[in-house]
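When a residue number appears, it is its place in the shown sequence, counting from 1.
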Amino acid sequence: MAQVLHHIDGAFFHESWLSRIKEDVGENRRIKISNLKKILQGITDYYREVLNQHISEYLLPDLSQIAETSDPAEMGRLLQLILGCAVNCDKKQEHIQTIMTLEESVQHMVMTAIQELMSKDAVDSPTIEAAGDLEQQLKRSLELLQEAEAEKEELRQRCQELDLQVAGLQEERNSLLAENEVQNERLNLLDSSEEPTTIVAKKYLQIQLEQLQEENYRLEAAKDDYRAHCEELERQLIETQNRNDELASLAEESRALKDEIDFLRSAADKAAKLEATVESYRKKLEDLNDLRRQVKSLEDTNLMYMHNTVTLEEELKKANAARAQLETYKRQVQDLHTKLSMETKRADTMTYDMTRLQEKQEALVKEKERLIVQRDALKETNEELRCSLVQQDHLNQSGESGLKNNDNLAAELLPVEYR
C-alpha cells in the first residue's frame with residue numbers, strides 16, 4: 001500500500017517516507033500496527049494538505065483488526081481511501097484510464113467504491129454532485145460501448161462460421177455435380193449398350209440419380225436459406241457498426257464531458273481553496289481586531305505598570321536606605337555576637353578556673369583541718385613533753401646519763417615525720 005501511494009504521488013509520499021515503512025515484519029503485531037498508522041497518517045495528511053478535504057471519523061478503518069485478523073471490511077476502508085487519493089490526484093486521468101482497461105466486474109466494483117467514497121465525503125457542493133452524475137453517465141456509455149464491441153465480435157465470429165459452412169456446402173455441391181456428370185456419362189453409355197444385363201443397372205442408376213437430384217435440390221434450398229441468413233447477419237452487422245459509431249460518438253461526448261468534469265472539479269478545488277483562503281483571511285481579520293483590543297488593554301496595563309514602577313522605585317530608594325542602615329545594624333549585631341562569644345568563652349574559662357579553685361580550696365580546707373588535728377595532737381604531745389621535762393628538772397639527782405635518757409624518751413615520743 002505504501003508503494004502504491006508512492007506511485008500515486010511520489011512528491012508527497014517520497015522515498016524517505018517510504019523508507020520508514022518496515023518490511024518483513026512477519027507476525028509482529030506491534031510493527032504491523034506501526035506501519036498501518038504511518039500509512040493512515042500519510043493518507044490523512046494528503047487529503048488535508050493536497051486535496052483540501054477532511055476525512056470523517058466513520059471512514060477511518062480499525063487498524064488493530066487489520067493487524068490481528070486482516071478484517072476484509074476494515075481493509076476495504078483503507079483501500080477505498082487509497083483509491084480516493086488515486087482518482088483525485090494530479091495524475092488522476094492516467095489512473096482512470098487504467099481503471100477503464102480492467103474487467104467489467106472489477107470496473108463496476110471500483111466505480112461503486114468511488115461513488116461510495118464521494119457520497120460519504122464531507123464536500124457537498126453542487127459541482128461535485130454534477131460531476132458524479134456525469135461520471136455515472138460516462139460509466140453507462142462505456143458499458144454500452146463494451147457490450148456493442150462484444151456483440152460485434154460475436155457477429156463477426158458467426159459470419160466467419162457461416163462463410164465456412166457456405167464454402168463447405170459449395171464444395172459438396174461441386175462434388176455432387178461432378179458425380180452427377182459421371183453418372184450421366186455412365187447412363188449414356190448404358191443407353192448405347194444393347195445387352196440385357198445392363199437394364200437392371202440402368203434402373204439402379206436412375207434411382208440413384210433421382211436421389212442425388214433431390215439431395216442437390218435440398219442443398220440448393222439450404223444454400224438459399226444460408227444466403228438469406230448471411231444477408232440478415234450482414235444487415236445486423238451494418239446496424240451494429242452504425243450503433244458502434246453512435247457509441248463512439250457517445251464515447252467522444254463522454255470524454256468531452258469527462259474533460260469538463262475535470263475542469264469543473266479543478267474549478268471546484270480552486271473555489272474551495274479560495275474559500276479556505278478567504279476564511280483564513282477572515283479569521284486573521286478577526287484575530288487582528290482581537291489583537292487591537294489586546295493592544296489597547298496592554299497599553300492601559302502598561303500605564304498602570306508605569307505608575308506602579310514609579311511607586312516601587314521610590315519604595316526601592318527607601319528600601320536601599322533602610323538596607324544600608326540594616327547592614328550597619330547587622331555589622332553591629334555581628335560584632336556584639338563576636339563579643340558575646342568571647343565573653344562566653346571567658347566566662348566558661350573563668351567558670352572552669354573557679355571550679356578548679358573551689359576544688360583546690362576544698363582540698364586546702366581538708367588539709368587545714370588535717371593540719372589543725374595534727375597541731376592539736378602536737379600540742380598535746382608538747383604538753384606531755386613539757387610535763388616530762390618538768391619532772392626531769394625536779395629530778396636533779398640524776399646525772400648526765402639521766403639527761404640522755406630524757407632526750408631519748410622525748411625523741412621516742414615524737415613521730416618520725418615530725419622529727
| request: Answer yes or no: is there a side-chain heavy-atom contact under 4.5 Å between H6 and E15? | output: yes

| task | Would you indicate whether K91, at its atom NZ, is surrounded by more than 12 heavy atoms from other residues, nucleotides or ligands within a distance under 6.0 Å? | result | yes

| request: State, yes or no, whether a side-chain contact exists between I82 and M1 at a heavy-atom distance under 4.5 Å. | output: yes

| Candidate pair D45 and R48, rule salt bridge (Lys or Arg N to Asp or Glu O under 4.0 Å), full reasoning | CA-CA 5 Å; D45 294 340; R48 185 180 63 253; 2.8 Å; yes

Give every donor-acceptor pair under 3.5 Å between a side-chain atom in residues 61-69 and any protein atom, sequence neighbours left out.
unit_1: D62; atom_1: OD1; unit_2: S64; atom_2: N; d: 3.4
unit_1: D62; atom_1: OD1; unit_2: S64; atom_2: OG; d: 2.8
unit_1: D62; atom_1: OD2; unit_2: Q65; atom_2: NE2; d: 3.3
unit_1: E68; atom_1: OE2; unit_2: R29; atom_2: NE; d: 2.8
unit_1: E68; atom_1: OE2; unit_2: R29; atom_2: NH2; d: 2.9
unit_1: T69; atom_1: OG1; unit_2: Q65; atom_2: O; d: 3.0

| query | Stepwise, does the side chain to side chain contact (heavy atoms under 4.5 Å, CB included) test hold for R370 with V373? | reply | CA-CA 5 Å; R370 189 177 64 79; V373 172; 5.6 Å; no

| field | Atom pair CG (L285) and CG (L291), whose distance is rounded to the nearest 0.5 Å | value | 10.5 Å

| said: Testing the basics here: between C85 and I8, what is the closest heavy-atom pair and its distance to 0.1 Å? | reply: O-CG2, 3.8 Å

| field | Side-chain donor or acceptor of S34 paired with backbone N/O of R30 under 3.5 Å | value | no

| Interatomic spacing from OG1 in T311 to CG in L316 - rounded to 0.5 Å | 12.0 Å

| Donor-acceptor contact below 3.5 Å, side chain S280 vs main chain T277 | yes

| query | Can you list every pair that meets ring-ring contact (aromatic ring centres under 6.0 Å, His included) and has a residue in residues 17-46, with sequence neighbours left out? | reply | F12-Y46, F13-W17, F13-Y46

| field | Close side-chain approach of H95 to H7, heavy-atom, < 4.5 Å | value | yes

| field | Qualifying residues under salt bridge (charged side-chain N to carboxylate O under 4.0 Å, His left out), relative to E343, sequence neighbours excluded | value | R346

| field | Residues K284, D287: salt bridge by 4.0 Å N-O rule | value | no

| How about L79 and M75: do any of their side-chain heavy atoms sit closer than 4.5 Å? | yes

| query | Is it true that a side-chain atom of N35 and a backbone atom of K22 form a donor plus acceptor pair closer than 3.5 Å? | reply | yes

| query | Atom CZ of R356 and atom NZ of K360: how far apart are they, to the nearest 0.5 Å? | reply | 5.0 Å

| field | M109, CE atom: more than 12 neighbouring heavy atoms under 6.0 Å | value | no

| Just by modelled atom types, is the R20 backbone N or O under 3.5 Å from a matching donor or acceptor in the K38 side chain? | yes

| query | Does N302 CG have over 12 foreign heavy atoms under 6.0 Å away? | reply | yes

| query | Any chance CD of Q358 has more than 12 other-residue heavy atoms, nucleotides or ligands included, within less than 6.0 Å? | reply | yes

| field | Residue list, salt bridge (charged side-chain N to carboxylate O under 4.0 Å, His left out) with R227, at least two apart or on another chain | value | D224

| request: List the steps and the verdict of side chain to side chain contact (heavy atoms under 4.5 Å, CB included) for L18 and L5. | output: CA-CA 9 Å; L18 186 61; L5 290 172; over 6 Å; no

| query | Got a sec: does the CD of E49 have more than 12 other heavy atoms crowding it under 6.0 Å? | reply | yes

| query | Taking C-beta and beyond as the side chain, do R386 and N382 meet within less than 4.5 Å on heavy atoms? | reply | yes

| request: With the side chain counted from C-beta on, respond yes when L81 and T44 share a heavy-atom pair under 4.5 Å apart, and no when they do not. | output: no

| query | Are L303 and E299 close enough, and set up right, to give a side chain to side chain contact (heavy atoms under 4.5 Å, CB included), and what steps lead you there? | reply | CA-CA 6 Å; L303 184 60; E299 287 178 353; over 6 Å; no

| Is any side-chain heavy atom of D269 less than 4.5 Å from a side-chain heavy atom of N88? | no

| task | Please name the pair of heavy atoms, one in K273 and one in N52, separated by the smallest distance, quoted to 0.1 Å. | result | CG-ND2, 2.8 Å

| message | Atom CE of residue position M342 - does it have more than 12 heavy atoms of other residues, nucleotides or ligands inside 6.0 Å? | response | no

| With sequence neighbours excluded, residues passing side-chain contact (heavy atoms from CB on, under 4.5 Å) with T351 | T355

| Residue pair L78, L36: steps toward the side chain to side chain contact (heavy atoms under 4.5 Å, CB included) verdict | CA-CA 9 Å; L78 185 56; L36 291 171; 4.1 Å; yes

| Partners of K368 by side-chain contact (heavy atoms from CB on, under 4.5 Å), sequence neighbours excluded? | I372

| task | Kindly indicate whether the side chain of V365, heavy atoms from C-beta on, has any atom under 4.5 Å from the side chain of E362. | result | no

| message | Pair R282, E279 - check salt bridge (Lys or Arg N to Asp or Glu O under 4.0 Å), show working. | response | CA-CA 5 Å; R282 186 179 292 110; E279 187 66 25; 2.7 Å; yes

| said: Surrounding CD of E327 (heavy atoms of other residues, nucleotides or ligands, distance under 6.0 Å), is the total greater than 12? | reply: yes

| query | Does the pair E369/K366 count as a salt bridge with the N-to-O cut at 4.0 Å? | reply | no

